[in-house]
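Beneath this line is the structure, given in structure tokens, with notes to follow.
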Amino acid sequence: MEAVSRLEEPRLDPAAESRSSGVSWSAVAAGAFVTAAISFLLMMLGAGMGLSSISPWPDTASVSRIAPGAIVWIILVQLLSCCLGGYVAGRLRTKWVAVHDHEVYFRDTAHGLLVWAVSFVLASAFLSSFAASLARDATRTADDTRAGAGNYFVDTLFRAAPPADAAADLRARTEARTILARAVAQPERAADDKTYLASLVSTRTGISSSEAARRVDAAVAQSREAADAARKAVAHSLYWLVVALLAGAFGGSYAAIIGGRQRDRVHP
């Protein structure tokens, strides 16, 4: 029985195995281009559907309701594009002769992972300028949003009945905005800044010092909550992006195994 099992084992040629490459880069490149193209196409489709669903009016779909759908769409885009690219790479790769089945399984998995990695690098390289433009626009929008939020919280400090002259309050509001921004950035507010800001609000609005101090505390708390909400939103989006990329890597690797088996006509 031992002699028969030895005869059934495939005999590998070490010289031929050393000369043959374990990676079919042409197949990997083809799968990567397919992945990048399908991913970009589906992302444009998702962006179009998202923009069509968002409206500034309160009775329509809001961004908070669209965000979960956008996360699911990004994961689906990564799965579909990477699976298709990995399958193409598995079908187009060179058939390895006299290679053990476990090694073929590993190489197909590696081909799918390489398709995902190369497509990610391609997308980062070719879309770097576009991403930089989007980042600048996003940064400018975020700065404008923070400035607008800061102006709103400063306005809440100087509300009075009847409203005071805006031109006369310009200097006070500018000074209050600077103090409020520093108070939000620092973990603990300086006592003199709090006292001075409260007295400034009390002088300009005519309210009592205790009421002005309560306004200052409320404005600082609301500003910190807004900044913390923005930070959490960015962090959560990055977490879900990592999940989508990992899902794409897994899908591409598994699809490459299926494509490789069909290329070798091996059924599980």
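In what follows, every heavy atom counts, from backbone to side chain, and hydrogens, waters and symmetry copies are set aside. Owing to the predicted nature of the structure, the values given are computational and were not obtained by experimental measurement.
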Evaluate the side chain to side chain contact (heavy atoms under 4.5 Å, CB included) criterion for residues Ile38 and Phe33: first the C-alpha distance (whole Å), next the side-chain angles of each, then the deciding distance (0.1 Å), finally the verdict.
CA-CA 9 Å; Ile38 297 300; Phe33 278 110; over 6 Å; no
Keeping Ser24 on the side-chain end and Thr94 on the backbone end, is there a donor-acceptor pair under 3.5 Å?
yes
Is there side-chain contact between Tyr105 and His100, with heavy atoms separated by less than 4.5 Å?
no
Would you indicate whether the side-chain heavy atoms of Val242 and Leu238 approach each other to under 4.5 Å?
no
Out of curiosity, does Leu122 fall in the hydrophobic cluster containing Val115 (side-chain heavy atoms, cut-off under 4.5 Å, transitive links)?
yes
Between Leu45 and Trp73, is there a side-chain heavy-atom distance shorter than 4.5 Å?
yes
So, for Ala32 and Val118, which heavy atoms are closest and what is the spacing to 0.1 Å?
CB-CG1, 3.5 Å
Apart from Tyr87 itself, residues in the same hydrophobic cluster as defined by side-chain heavy atoms under 4.5 Å
Tyr254, Ile258
Should the pair Arg93-Asp108 be classified as a salt bridge under the 4.0 Å nitrogen-to-oxygen rule?
yes
Which atom of Trp116 lies closest to which atom of Gly248, heavy atoms considered
CD1-C, 3.9 Å
Would you say that Leu92 contacts Arg263 through its side chain, given a criterion of any heavy-atom pair below 4.5 Å between the two side chains?
no
For a quick test of reading the model, state the closest non-hydrogen atom pair linking Ala36 to Ser119 and the distance between them.
N-CB, 4.2 Å
Side-chain (Thr35) to main-chain (Ser81) donor-acceptor, under 3.5 angstrom:
yes
Using a 4.5 Å cut-off on heavy atoms from C-beta on, say whether the side chain of Val99 contacts that of Arg107.
yes
Pairwise distance CG(Leu80) to CG(Leu41) - rounded to 0.5 angstrom:
11.5 Å
Mind checking whether Phe40 and Val77 have side chains closer than 4.5 Å, heavy atoms only?
no
After noting the C-alpha distance and the side-chain angles of Phe250 and Leu79, does the key distance pass the side chain to side chain contact (heavy atoms under 4.5 Å, CB included) rule?
CA-CA 8 Å; Phe250 175 80; Leu79 278 175; 5.6 Å; no
Residue pair Leu113 / Thr109, side-chain heavy-atom distance below 4.5 Å:
no
Start with the C-alpha gap between Trp96 and Glu103, add the side-chain angles, then the distance that decides, and say whether side chain to side chain contact (heavy atoms under 4.5 Å, CB included) holds.
CA-CA 10 Å; Trp96 298 295; Glu103 181 65 19; over 6 Å; no
Derivation of the side chain to side chain contact (heavy atoms under 4.5 Å, CB included) call for Leu245 and Phe120
CA-CA 9 Å; Leu245 292 175; Phe120 182 76; 4.0 Å; yes
Can Ile74 be reached from Leu76 by stepping across I, L, V, M, F, W or Y side chains whose heavy atoms are under 4.5 Å apart?
no
Which atom names give the shortest non-hydrogen contact between Cys83 and Ala255, and what distance separates them?
O-CB, 3.0 Å
